[in-house]
There are 2 protein chains.
Amino acid sequence: MDQAAEAIADPIRRAILRMVRDERLTVGEIAARFPVSRPAISRHLRVLRESGLVRDDLSGRHRYYSLNPDGLAELHQWLSTLMTPAGWEQRLDALTTEVYRTRKDNRETA
Amino acid sequence: MDQAAEAIADPIRRAILRMVRDERLTVGEIAARFPVSRPAISRHLRVLRESGLVRDDLSGRHRYYSLNPDGLAELHQWLSTLMTPAGWEQRLDALTTEVYRTRKDNRETA
DNA sequence: CGGAAGCGTAACCTACGGGTTACGCGTTCA
DNA sequence: TGAACGCGTAACCCGTAGGTTACGCTTCCG
């Protein structure tokens, strides 16, 4: 979780996450949408990858990046428990987790 | 939201957030639990305050810090929309937001 | 009152994050 | 098969985040 919290601190990395939410993109495609060099984007992607927020699939000389919902879920869960006072039952968090877990299963079995 | 995402990047600030989740604490009380100087903690608290994650109540020469759930909710919502694919209905997010908003109203009318 | 307690801020130093260019390796295709 | 493409990494530079000490302003209390 610590690495993920650090990863989303950078505005470029947050923008990348939004980009690869729905479509898988190559490094070049991502870099083309930013005013910084391709190696810089490559390092941002490395940070996101090592923090578990994105995944990469190699295909020939291309490397496709896509969102990894599991990494996001960790952060999401951390924020949930932080927002939840001591006395409050964690029923809602359990519901949220359950729903996302179900979606994940659906993805994997598709 | 951007400021909040930056604020939680630091491990000390994340620990502070967990500390003031249930009880309001003074700067001295917080600083006593870290191996860094009090001015350093004071600046961390300033970052958290300006990012909307904590609130401060002055009482004499003491300054009590407590969690501000509204700030957390923003980040929480951002992660929710990020985890939610394009086709997915946002019913769950709406439910989550509604529940937290209701709790907030209860706090304010108490 | 005057000193101590509690806190914020300024000034300073250092480590590190993020930018760039240069380079090397694997893959494609004319 | 050799040239071009796609990408990762190393080396380097610079700005800034986060640490410290020194200082000043309120607020409490003997």
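Convention: sequence-line order gives letters A, B, ...; per-chain numbering from 1. Bear in mind that the values here come from a model prediction, so they are computed numbers and not experimental data.
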**Prompt:** Looking at dG19(D), does its base get a donor-acceptor pair with the side chain of Arg43(B) below 3.5 Å?
**Reply:** yes
Using the side-chain heavy atoms of [X], tell me which of these nucleotides is nearest: [options].
{"X": "His62(B)", "options": "dT20(C), dC7(C), dG19(D)", "result": "dC7(C)"}
{"X": "Ile12(A)", "options": "dG8(C), dG19(C), dT20(D)", "result": "dG19(C)"}
{"X": "Arg46(A)", "options": "dT9(D), dG8(D), dT21(C)", "result": "dT9(D)"}
{"X": "Arg38(B)", "options": "dG8(D), dG18(C), dG8(C)", "result": "dG8(C)"}
{"X": "Arg49(B)", "options": "dG19(C), dG8(C), dC7(D)", "result": "dG8(C)"}
{"X": "Val27(A)", "options": "dC7(D), dG19(C), dG18(D)", "result": "dC7(D)"}

**Prompt:** Under 3.5 Å, side chain of Arg21(A) to main-chain N/O of Thr81(B), donor-acceptor pair present?
**Reply:** yes
**Asked** So, are Glu50(B) and Arg46(B) salt-bridged, with charged N and O less than 4.0 Å apart?
**Response**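 Answer for the salt bridge query: yes.
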Establish, with yes or no, whether the OP1 or OP2 oxygen of [N] is under 4.0 angstrom from a side-chain nitrogen or oxygen of [X].
{"X": "Ser37(A)", "N": "dT20(C)", "value": "yes"}
{"X": "Thr26(A)", "N": "dG6(D)", "value": "no"}
{"X": "His44(A)", "N": "dG19(C)", "value": "yes"}

Got [X] and [Y] here, is their nearest side-chain heavy-atom distance under 4.5 Å?
{"X": "Ser80(A)", "Y": "His76(B)", "answer": "yes"}
{"X": "Val47(B)", "Y": "Leu53(B)", "answer": "no"}
{"X": "Trp78(A)", "Y": "Arg14(B)", "answer": "yes"}
{"X": "Arg49(A)", "Y": "Arg55(A)", "answer": "no"}

Give the rounded distance in Å between these two atoms: [atom1] of [X] and [atom2] of [N].
{"X": "Leu58(B)", "N": "dA5(C)", "atom1": "CG", "atom2": "C1'", "value": "15 Å"}
{"X": "Leu48(A)", "N": "dG17(C)", "atom1": "CG", "atom2": "P", "value": "15 Å"}
{"X": "Asp10(B)", "N": "dC16(C)", "atom1": "CG", "atom2": "P", "value": "14 Å"}
{"X": "Ile41(B)", "N": "dG18(D)", "atom1": "CD1", "atom2": "C1'", "value": "11 Å"}
{"X": "Ile8(A)", "N": "dG18(C)", "atom1": "CD1", "atom2": "C1'", "value": "18 Å"}
{"X": "Glu6(A)", "N": "dC16(C)", "atom1": "CD", "atom2": "P", "value": "12 Å"}
{"X": "Glu29(B)", "N": "dA5(C)", "atom1": "CD", "atom2": "C1'", "value": "14 Å"}
{"X": "Ile16(B)", "N": "dG18(D)", "atom1": "CD1", "atom2": "P", "value": "11 Å"}

**Asked** If you pin Pro35(A) and Asp56(B) to their nearest nucleotides in DNA chain C, which one's is more 5'?
**Response** Asp56(B)
**Message:** Between Val47(B) and Pro39(B), which residue's closest nucleotide on DNA chain D lies nearer the 5′ terminus?
**Reply:**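 Its nearest nucleotide being more 5', the pick is Val47(B).
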**Prompt:** Does Ser42(A) or Arg61(A) map to a spot on DNA chain D nearer the 5' end, using the closest nucleotide for each?
**Reply:**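 Final value for this comparison: Arg61(A).
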**Asked** Touch check for Tyr64(B), heavy atoms < 4.0 angstrom, all strands: base, sugar-phosphate only, or nothing?
**Response**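 It contacts nothing in the nucleic acid.
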